[in-house]
Amino acid sequence: QVQLVESGGGLVQPGGSLKLSCAVSESITLINFVDVNWYRQPPGKERELVAGITSDGRTNYGASVKGRFTISKDNARNTVYLQMNSLRPEDTAVYYCNTRPPLQINGRQYWGQGTQVTVSS
């Protein structure tokens, strides 16, 4: 069973915009009750925190995306979004969402497939 489904990535030119979605399975958790983060992982690099939203709607952002990205959520859809504006080549990465703390399944940290964002002219 898929617990986290990221979508909305694609190829975009510098300065462009994308909106990512993170659908969280209601069978595992309701986002009304948990914090959810967006992460990204460029090729050959470690995963890094991009943005987060708490169960009560408070938001936080990594320094490199602050002012350009906006995290939001729709509790009725159990979905978290990441609006990305003014995209830069260094934003290129696979983007993942996860709860905080990250999901644990069978004793191992669970991550979805992610969605690829490529920023290139």
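Worth saying up front: this structure is predicted, and the values here are computed from it rather than measured.
Side-chain contact check for L49 versus Y61: every heavy-atom pair is 4.5 Å or farther apart. Side-chain contact between Q83 and S17 is present, with heavy atoms from C-beta onward closer than 4.5 Å. Two residues are said to be in side-chain contact when any heavy atoms from C-beta on lie closer than 4.5 Å; Q109 and Q104 meet this criterion. You'll find the side chain of V24 reaches within 4.5 Å of the side chain of T29, heavy atoms only. M84 places none of its side-chain heavy atoms less than 4.5 Å from the side chain of V50. Using a 4.5 Å cut-off on side-chain heavy atoms (C-beta onward), L82 and Y95 make contact.
In the hydrophobic clustering of ILVMFWY residues, with side-chain heavy atoms under 4.5 Å counting as a link, W111 and V34 come out apart. Hydrophobic cluster membership differs between Y96 and V5, with clusters built from Ile, Leu, Val, Met, Phe, Trp and Tyr side chains linked at under 4.5 angstrom.
A donor-acceptor contact shorter than 3.5 Å links the side chain of D74 to the backbone of A76. Using a distance-only test at 3.5 Å, with no hydrogens or angles considered, no donor-acceptor pair links the side chain of S64 to the main chain of G62. A donor-acceptor contact shorter than 3.5 Å is absent between the side chain of E26 and the backbone of L30.
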CA sep, side-chain torsions, deciding dist, call: L103, Q3, side-chain contact (heavy atoms from CB on, under 4.5 Å): CA-CA 9 Å; L103 290 177; Q3 308 296 335; 4.0 Å; yes

Worked verdict on S55 versus F33 for side-chain contact (heavy atoms from CB on, under 4.5 Å): CA-CA 5 Å; S55 59; F33 308 130; 5.6 Å; no

side-chain contact (heavy atoms from CB on, under 4.5 Å) between L87 and T92, worked out: CA-CA 9 Å; L87 284 162; T92 296; over 6 Å; no

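Geometric assessment of K73 against the ring of Y81 yields a negative cation-pi assignment under the 6.0 Å and 45° thresholds.
Put simply, OG1 on T99 and OH on Y110 are 11.0 Å apart, with the number rounded to the nearest 0.5 Å. Separating the OG atom in S121 from the CD atom in Q13 is a distance of 7.0 Å, to the nearest 0.5 Å. From R58, atom CZ reaches atom CD1 of I71 across 13.0 Å, with rounding to the nearest 0.5 Å.
Shown here for S21 and T79, the closest heavy-atom pair between the two residues is CB-CG2, 4.2 Å. A93 and P42 get closest at one heavy-atom pair: CB-N, 3.6 Å. Closest of all the heavy-atom pairs between V12 and L18 is CG1-CD1, 4.0 Å.
S120 and T118 are not linked by any side-chain donor-acceptor pair at a separation below 3.5 angstrom, with hydrogens and angles left out of the test. If you check the side chains of N37 and Y39, you find a donor sitting under 3.5 Å from an acceptor. Between R40 and T115, the side chains place no donor N or O within less than 3.5 Å of an acceptor N or O (distance only, hydrogens not considered). For the 3.5 Å distance criterion, the side chains of T54 and D35 fail to qualify, holding no donor opposite an acceptor.
Partner of V36 under the side-chain contact (heavy atoms from CB on, under 4.5 Å) criterion, out of L4, N78, V80: V80 alone.
Taking the ring centroids of F69 and W38, they lie at or beyond the 6.0 Å cut-off.
With sequence neighbours left out, the salt bridge (Lys or Arg N to Asp or Glu O under 4.0 Å) criterion links R68 to D91.
Counting non-hydrogen atoms of neighbouring residues, nucleotides and ligands closer than 6.0 angstrom, the CD atom of Q113 reaches no more than 12 such neighbours. Enclosure of atom CD in E90 by more than 12 non-hydrogen atoms of other residues, nucleotides or ligands within 6.0 angstrom is indicated.
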